[in-house]
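All values below were derived from every heavy atom in this structure, side-chain atoms included, with hydrogens, water molecules and symmetry-related copies excluded. What you see is a predicted model, and the numbers here were worked out from it, not measured in a lab. All residue numbers refer to positions in the sequence shown, counting from 1. Order of appearance sets the numbers: ligands from 1, and atoms from 1 within every ligand.
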Amino acid sequence: MDLQLTGKRALVTGSTSGIGFAIARQLAAEGAEVIINGRSRSGVSATIARLLEAVPGAKVSGIAADLGTAAGCEALVTTCADVDILVNNLGIFDPRPFEEIDDTEWFHFFETNVMSGVRLSRHYLPAMKARNWGRIVFISSESGICPPAEMVHYGMSKSAQLSVARGIAETCTGSGVTVNSVLPGPTRTEGVTTFFGRLAEEQGVSLEQAEKDFFANARPTSLIKRFIDPAEVANLVAYVCSPLSSATHGAALRVEGGVVRSMV
Ligand code: NAD
């Protein structure tokens, strides 16, 4: 299937690793011009080199900016004034007992996971509407509809993204601009692998056993009983970014391995 992304300019936030990198790679492989984002120049440069290795001839550039702040978002949109496709992928997580999450942390999660997408969407949307074509995708999580006890602040931010995405979609009625959310489940990113490595060590079990225990105890409803590969998330996101997905609008699309039991 040709996703018809050649000539489209796409910004993927937080894309120097994990799901963001997989999305950037997939969009580039489909012919889009991709802008990588991370906090450090060195990280962004290394990612551009990594992407060019994976997709020789890819049209890729990068911007180092901390999108967890208003100033960082402002710096990014000053450098990159216009895009056809915005993937609000940036998101942080940190398992912590509810009683220990102070106000500063709550606001940090809200600023990074929610306001980054709000600020960038607010900037890029008017030109998309004027052109009558654009794609905004929020990378939320199954945690947005199944709030996790081990990181309540993260769950709040992922639910908020669903509301923001649907709300922005309501402002794009009858246009060629679509706004959707994608909800991944537990995905085998570098961060998740490190986290489980540490957990396995603490529990004195193998990494394989720690993962098996996770799906038996923490995510028993998973139908696939394994971590999702970042590329599996990227495949869905690339489709949602494509002109082919024009009737998919205001939706919360799941790629969570069946963890969420509801049928709609
Ligand atoms: P990750 O931690 O692997 O990657 C995050 C990226 O964001 C990195 O490139 C990092 O450098 C960059 N980054 C971090 N803080 C930044 C900042 N302030 N400004 C700019 N860049 C910054 O993330 P991931 O696990 O791939 O998650 C990506 C998205 O998918 C997040 O929104 C997350 O909530 C969501 N998600 C992840 C999982 C999972 O299991 N990994 C599951 C569901 C949803």
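- Applying the side-chain contact (heavy atoms from CB on, under 4.5 Å) criterion to His123, with sequence neighbours excluded, gives Val77.
- A heavy-atom cutoff of 4.0 Å around ligand 1 is satisfied by the protein residues Gly14, Ser15, Thr16, Ser17, Gly18, Ile19, Asn37, Gly38, Arg39, Ala65, Asp66, Leu67, Gly68, Asn89, Leu90, Gly91, Ile139, Ser140, Ser141, Tyr154, Lys158, Pro184, Gly185, Pro186, Thr187, Thr189, Val192.
- In summary, Arg166 and Glu170 engage in a salt bridge, as defined by a charged side-chain N under 4.0 Å from a carboxylate O.
- When the side-chain contact (heavy atoms from CB on, under 4.5 Å) test is applied to Ala29, the partners found at least two apart in sequence or on another chain are Val55.
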Cut-off 3.5 Å, no hydrogens considered: what does the side-chain donor-acceptor table look like for residues 256-264, sequence neighbours left out?
| from | atom 1 | to | atom 2 | distance (Å) |
| --- | --- | --- | --- | --- |
| Glu256 | OE1 | Gly258 | N | 2.8 |
| Glu256 | OE1 | Val259 | N | 2.6 |
| Glu256 | OE1 | Val260 | N | 3.2 |
| Glu256 | OE2 | Arg254 | NE | 2.6 |
| Glu256 | OE2 | Arg254 | NH2 | 3.3 |
| Ser262 | OG | Val264 | O | 2.9 |

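- Separation of the Phe93 and Phe109 ring centroids does not fall under the 6.0 Å cut-off.
- Note that CD1 of Ile35 and OG1 of Thr13 are 11.5 Å apart. Values are rounded to the nearest 0.5 Å.
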